[in-house]
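Some notes on the structure that comes next.
In what follows, every chain begins at residue 1, and chains take the letters A, B, ... in the order their sequences are listed. Worth knowing before you read on, the calculation uses all heavy atoms, side chains too, and leaves out hydrogens, waters and symmetry mates.
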Amino acid sequence: MAVGYACLTIGVKDAALSRCILKNATQDTIIEITKQNLDALEVMMDYNIHHNIQLFRISSDIIPFGSHPVNQVEWWNQCKDLFECIRKKIIQGNIRVSMHPGQYTVLNSLQQNVIENAVRDLVYHDKVLEALGMDQSCKIILHIGGVYGDKNKAMDTFARQYEKLPRTIKDRLIIENDDKNFTISEVLEVSKKIGAPVVFDNLHHAINPPEEQRPDCEWIKECKKTWNSTDGKQKIHYSQQKENAPAGSHSDMIFYNDFLSFYHRLNEKEIDIMLEVKDKNLSAVKCKNILENARVEELKEEWSRYKYLILSRSPNLYTVINEAFVKSESREEFAPWFYERIEQALELPVNSKAQVTAAECIWDRIYDSCTETERKRYEKLLYSYSKENGTLSSLKNHLFKCVNLRNLQELVDSLYFYLN
DNA sequence: TGACGTCAAGATCCG
DNA sequence: CGGATCTTGACGTCA
């Protein structure tokens, strides 16, 4: 079983993706951004290796305008070495990668040019996985598409278009239930026709359930039948509804309790779970640490990333957690205890007093070596934030700049600077 | 015609 | 002028 995350790695230096708009998409710009993004992907893989994350979705934005005619770059040739380097890391970390064209890639469209674009997009996604030397178990996930007033006809159209695809793409393509149109039961029906494996998405399913009511784990069992040995382990998507947001909005973080009960209800543990969540890698590492019952020692690094963020939310919880690490507490179930408190702190409303405490604490680390200008700016920003006419982000930005100039490693990597 | 989703780039504003 | 904040882009469907 692997838990994974999609596209972006939060809180890691040099892991950000770049892009450009169509107007600026010259061949030179495209190749430059491509190289930058492959470098970033390599950094993400380093992170995945280090945290033992074995499931990862590569962003469709990895190649700018990857399936657009404006991109005439033979990136798979020009960046061979970079791809090879990333491939080695994927192998080293035993990572299963995938890709997922978005809601705008519609294979069953009524418009021929939309279909052509969709096919081009699938070719592009396959080409990325091909350039990385990945086998058939590294999948491309697609939704069925539009309904156009007649669901059965739309499903047939999808099947017909699927059949026309090149073999290599068919071997990678898997299909997923969506939140508006095609329920899990309908996607299974399509799968019967075309033979593509089915991905169960729990949140889409909750919003857009089929008439036949069965527990999630039974639908998952049903989906498993669509996976054969060359497809690799069955994959599912897991996400949680964000409170007080439109149906289908992904939560800021995965609350581990609900995740655990979902996990324990699964009949089949030989399964890969892709989390879809705002905080990406952070929730993936959390769920993994909890499933593996990580001990105090193993969570020290996690704590050093979270500590200033938690301090900025709740000095109380900060102290409670910090004590446990100082004393190297060997309590049973340490990981759930730890993350429960992290979740609690992150759920609290913004507390400007705590924010000031954390800022002062970070400034203490800079103070000895600060310039006059840095100090004045810090004092001004802190003062105006505490007087409610300055923003927290400008204060944090200034601190982040100071911290980076000095290469204060623990602070450079602190989630304090990456989450609000 | 605009909402949907994504998130960095681009544009504009501010001191 | 640098930095902060708001808006745009690129895709297709559907109300």
Could you check which of [options] has an atom nearest any side-chain atom of [X]?
X: A:S109; options: B:dA9, B:dC4, C:dT13; answer: C:dT13
X: A:K23; options: B:dT6, B:dG5, B:dA11; answer: B:dA11
X: A:F65; options: B:dA9, C:dA10, C:dG12; answer: C:dA10
X: A:V147; options: C:dC14, C:dT5, C:dC11; answer: C:dC14

For the rings on [X] and [Y], is their centre-to-centre separation under 6.0 Å?
X: A:Y378; Y: A:W363; value: yes
X: A:Y124; Y: A:W76; value: no
X: A:F400; Y: A:F417; value: yes
X: A:H237; Y: A:H205; value: no

Given atom [atom1] of [X] and atom [atom2] of [N], what is their separation to the nearest angstrom?
X: A:Q111; N: C:dG12; atom1: CD; atom2: P; result: 8 Å
X: A:I62; N: B:dT6; atom1: CD1; atom2: P; result: 18 Å
X: A:F400; N: C:dG2; atom1: CZ; atom2: P; result: 20 Å
X: A:N181; N: C:dA15; atom1: CG; atom2: P; result: 9 Å
X: A:I33; N: C:dA10; atom1: CD1; atom2: C1'; result: 14 Å
X: A:N37; N: B:dA8; atom1: CG; atom2: P; result: 11 Å
X: A:D61; N: C:dA10; atom1: CG; atom2: P; result: 12 Å
X: A:L22; N: B:dG10; atom1: CG; atom2: C1'; result: 14 Å

With a non-hydrogen cut-off below 4.0 angstrom, is [X] in contact with a base, only sugar-phosphate, or nothing?
X: A:K180; result: nothing
X: A:N397; result: sugar-phosphate
X: A:N117; result: sugar-phosphate
X: A:T391; result: sugar-phosphate
X: A:K280; result: sugar-phosphate
X: A:S249; result: nothing

Counting just side-chain N and O atoms, does [X] come under 4.0 Å of either OP1 or OP2 of [N]?
X: A:N24; N: B:dA9; value: no
X: A:H398; N: C:dA4; value: no
X: A:R57; N: B:dT6; value: no
X: A:K278; N: B:dC7; value: no
X: A:T105; N: C:dC11; value: no

Considering only NZ, NE, NH1 and NH2 on the basic side and carboxylate oxygens on the acidic side, decide whether A:E218 and A:K221 come within less than 4.0 Å. no
A:R375/A:E372 ion pair, N-O < 4.0 Å: yes
For A:L8 and for A:I21, find the nucleotide of DNA chain B with the closest heavy atom, then tell me which residue's nucleotide is more 5'. A:L8
I want to confirm an ordering. Mapping A:K380 and A:Y104 to their closest nucleotides on DNA chain B, which one lands closer to the 5' end? A:Y104
How do A:R19 and A:G146 order along DNA chain C: which one's closest nucleotide is nearer the 5' end? A:R19
